[in-house]
2 protein chains.
Amino acid sequence: MGTSAVNSGEQSDRQSRILEAAMDLLSRHGISGVSMRSVAREAGVALGLVNYYYDDKATLIRAALGRVDEHDLRLVAPDPSLAPDEQLRRALRRVAAADLLTTRYLSLRLHLWALAQADEDYAQINAAAFDRYIDGVAALVSSAKPELPWEVCRERASDIVVIQNGVWLTALLGVDKASIERSIERTEQIAFAPLDGTAGQDQEPGQP
Amino acid sequence: MGTSAVNSGEQSDRQSRILEAAMDLLSRHGISGVSMRSVAREAGVALGLVNYYYDDKATLIRAALGRVDEHDLRLVAPDPSLAPDEQLRRALRRVAAADLLTTRYLSLRLHLWALAQADEDYAQINAAAFDRYIDGVAALVSSAKPELPWEVCRERASDIVVIQNGVWLTALLGVDKASIERSIERTEQIAFAPLDGTAGQDQEPGQP
DNA sequence: ATGGAGATTGAACAACTGTTCAATACTTTT
DNA sequence: AAAAGTATTGAACAGTTGTTCAATCTCCAT
């Protein structure tokens, strides 16, 4: 029987070359550019082998989706070697890092999101990963500002993620670099805002 | 010869039914769900008629893209019957309006964006519409706050659009309604911020 | 070397794709 | 009523798609 896609990590090198090829094609040409044949060609492998490692085309796409979700989660993984507030700051900065704002990654994310919108199956995987990501951000906020109740951390995390999504989506359209920088700053302000009022914004700096 | 897709407005009823069907399918099942046959079926029309009104599948998709772009631009069109600051406020609020935050519209936008990412042709149309949209927002900001130099208005518009994109993208994933509301408020703060410092954010509400 | 298990190939199949086109139906003009 | 123009149909075409499968190849334990 096939090796199944539940297999994590690097399998026989060929299997991961196939997955890599699929992600590359998806990122560059969208789902219509991903056929079993084009994947095989891109991976330098016979057609049959793609179906050997991935029973379905759906399984192949699911594997790609899993890889990207995994990657996203690493962005907000706690790093014990850093002070909590520095951890948070870096995680927020990573979103605008050069290696993340590449067309290849952003485009891949966009296509996967579009797929999730069209297919209930992908949608669930995606939604779960999205929730875990928000939880990750909330956990970082909580470590950096322990005085905040968890509920507030989740709130701030949601707000931050809205902006982050906006950042990378807009980055695809080639918006001003400076605007992205300002948006990142905005996420920092939300994260580090003092407890008092609503998160990180005071319209009137006047005194009571 | 065919009627061409340059034809704006409502043509023979059948033509617009076809376009409507295409947009519906695109929104619900993504580009792989849009075939000339499925469009014809959804529109209750023979296969040949789709190619009669739209020479290409690409032409059909372009028409859909045009419709959505047109719709987006109307969101920031100036409305002389309102005071400038009210115009701006309403435009910013419209993004979170119920009729816009529907899956149908958001999903359509997402798929078109994904298509633009895969096809240079769509990409240019999309980029142009995106620019016009930012210009529209900037113009509204400028009317509401005439003391701002145009450059600053564009800056604020860019920042606002980043958040708006984040809002509707995240809305697709079913994020907390409250978070969306807070994000909209944030766009208002950016728009209406006093001229002094950076746009709409003061980390410390202290006095000088 | 011999057997066997897994890896790899490409041909074959049925289903679907976009596009073309001759044939018809319907409207309007003459 | 005839002619002309447009709208509408579905069959036909060549190509592509995902999936299956018998046939090979590779490698390792025996």
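Throughout, protein chains are lettered first and strands after them, A, B, ... in sequence-line order, and every chain is numbered starting at 1.
- Using a 4.0 Å cut-off between charged nitrogen and carboxylate oxygen, B/D69 and B/R109 count as a salt-bridge pair.
- Ionic pairing of B/E188 and B/R156 is not present here: no N-O contact between side-chain nitrogen and carboxylate oxygen is shorter than 4.0 angstrom.
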Determine, step by step, whether A/D176 and B/S158 satisfy the side-chain hydrogen bond (donor to acceptor under 3.5 Å, both in side chains) criterion, reporting the C-alpha distance in whole Å, the side-chain angles of both residues, the deciding distance to 0.1 Å, and the verdict.
CA-CA 8 Å; A/D176 195 359; B/S158 292; 5.2 Å; no
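- Helical stems involving DNA chain D, defined as 3 or more consecutive Watson-Crick or G-U pairs under 3.5 Å, span C:4-29 with D:2-27.
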Could you write nucleotides 9-22 of chain D as a row of B, S and -, 5' to 3', where a protein heavy atom under 4.0 Å of any base atom gives B, of only sugar-phosphate atoms gives S, and otherwise -?
BBBB----BBBB--
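- For B/E86 and B/R93, the salt-bridge test fails: no basic side-chain N is under 4.0 Å from an acidic carboxylate O.
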Apply salt bridge (charged side-chain N to carboxylate O under 4.0 Å, His left out) to residues A/E42 and A/R28 and explain how you reach the verdict.
CA-CA 12 Å; A/E42 181 87 359; A/R28 296 208 318 265; 3.6 Å; yes
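- From A/I160, atom CD1 reaches atom CG of A/L88 across 6.5 Å, with rounding to the nearest 0.5 Å.
- Under the 4.0 Å criterion applied to side-chain N and carboxylate O atoms, A/D121 and A/R62 are assigned as salt-bridge partners.
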